[in-house]
2 protein chains.
Amino acid sequence: MAAGQGSASEMARALDAAEARCVRSGAQLTELRRQVLALVLEADQPLGAYALLDRLKAQRPGAAPPTVYRALDFLLEQGLIHKVERLNAFIGCVEAGHDHGHDHDHAHDHQFLICGSCGATIELSDHAVAHALADAARRVGFQLRKTTVEAEGLCAACLAAGAGAAVAASPG
Amino acid sequence: MAAGQGSASEMARALDAAEARCVRSGAQLTELRRQVLALVLEADQPLGAYALLDRLKAQRPGAAPPTVYRALDFLLEQGLIHKVERLNAFIGCVEAGHDHGHDHDHAHDHQFLICGSCGATIELSDHAVAHALADAARRVGFQLRKTTVEAEGLCAACLAAGAGAAVAASPG
DNA sequence: GCGAATTCGGTTACTATATAACGCGGGTGC
DNA sequence: GCACCCGCGTTATATAGTAACCGAATTCGC
């Protein structure tokens, strides 16, 4: 388990928060976009566009790649989801789950820790990391626009379960 | 301009250094691998696998995707090149250009700053960034194995040239 | 020398990821 | 009514990456 919404009510709350966010920014969270967002949020790990497409087809038989990519582009723009570049996969943004009214429309800096054993992906919002990177960029005169910080390794649960050995030893 | 070798002699030196590195680790820098490495190094920006393939075909008409991917895998393993995840592209490792004999075979932590205007990609080896990320991971009990830190923005040269406006205005 | 094992790379075919381009229908403004 | 924009269906295609099989060259053991 990693990121999935634990219950239907949590999901409903998250979708409502997303709706509110879109209204505030003058965007429309249409039925399709809502469906795709729900699929991303209910997964307990990042899902690829085609995995999402497969699931979307259950509700929307005619769905094709552009269907899901357009929805994903929208959700990315709205900051409701993130793309995990190392996995070519998409995951809900933890920040978006809160419906506090003040706009933190700024692209919040985040980092991902991806467990190579269980696939859990943890989103961090570590200020020190963001600051260090901003510092390093400034030192060479580079103006940051968007940062991608992702790490692969082993999560605490898998470490405790001795996954370090399991990963090396077992094929499955 | 960003990463390309400035001259034939620099290139030769870099290839010799790569050769030495491979010898030390018991690997073979074959003709194919050398060709692909040269193509990566002579580019002034990260190149995709298929761009490399196109260029490789000039020297090796029969080349196909596996040809270039196998060479790239080898070069990545040897730490001679890096993959830029955001671009699905490959770039020479600045560290590999130096032929100092001591083994820093450890995967050196690096960061990329990608200019959205000119495509230049700057490799940093900022300790503070690496340390901050390691710290953040440790705090949540996550064991790091490989980190990917990439940022998109504007390089100093493009900022000076007023690229901030140019990026918004001109298509080129 | 001869065969087994390994490494390298050519070749074919395929999977996965992502986008281009066209068109339709429904709203909005005038 | 009509021009316009938006959302989305639809078809086709581009780009990225792998699987699987094969043969040549080298090395190793004997």
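In this structure, Leu154(A) and Arg145(B) have side chains that are not in contact, with every pair of non-hydrogen atoms separated by 4.5 Å or more.
Rounding to the nearest 0.5 Å gives a distance of 5.0 Å between CD1 of Ile91(B) and OG1 of Thr121(B). Note that the SG atom of Cys93(B) and the CZ atom of Arg21(B) stand 6.0 Å from one another [nearest 0.5 Å]. From Phe90(A), atom CZ reaches atom CG of Leu41(A) across 14.0 Å, with rounding to the nearest 0.5 Å.
Gln59(A) places its CD atom 14 Å from the P atom of dC8(D), with the value rounded to the nearest Å. Rounded to an integer number of Å, the gap from Leu75(A) CG to dG7(D) P is 12 Å. Look at CZ on Phe74(A): it is 14 Å from C1' on dC8(D), rounded to the nearest Å. When the P atom of dT10(D) is taken as reference, atom CG of Leu53(A) falls 13 Å away, rounded to whole Å.
In this structure, a donor-acceptor pair under 3.5 Å is present between the side chains of Thr147(B) and Asp109(B). With 3.5 Å as the limit, one finds a donor-acceptor pair spanning the side chains of Ser25(B) and Gln78(B).
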| Where protein sits on nucleotides 12-19 of chain D, one letter per nucleotide: B base, S sugar-phosphate only, - none, heavy atoms under 4.0 Å | ----BBBB

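Among the atoms of the strands shown, base atoms are found under 4.0 Å from some heavy atom of Arg70(A).
Neither OP1 nor OP2 of dC6(D) sits under 4.0 Å from any side-chain N or O of Gln28(A).
In this model, no side-chain donor or acceptor of Arg60(A) finds a partner on the base of dG9(D) within 3.5 Å.
A salt bridge does not link Asp73(A) to Arg70(A): none of the charged side-chain nitrogens sits closer than 4.0 Å to a carboxylate oxygen.
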Report all side-chain donor-acceptor pairs from residues 47-69 of chain B shorter than 3.5 Å, counting only partners two or more places apart or in another chain.
from, atom 1, to, atom 2, distance (Å)
Arg60(B), NE, Gln35(B), OE1, 2.9
Thr67(B), OG1, Ala64(B), N, 3.0
Thr67(B), OG1, Ala64(B), O, 3.1

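Of the residues near DNA chain C, Ala71(B) and Ala64(B), the one whose nearest nucleotide (by heavy atom distance) lies more toward the 5' end is Ala71(B).
Here the range on DNA chain C touched by chain A, meaning any atom under 4.0 Å from one of its heavy atoms, is dT17(C) to dA21(C).
Cluster annotation: Leu80(B) and Val23(B) are assigned to distinct hydrophobic clusters (Ile/Leu/Val/Met/Phe/Trp/Tyr, side-chain heavy-atom contacts under 4.5 Å, transitive).
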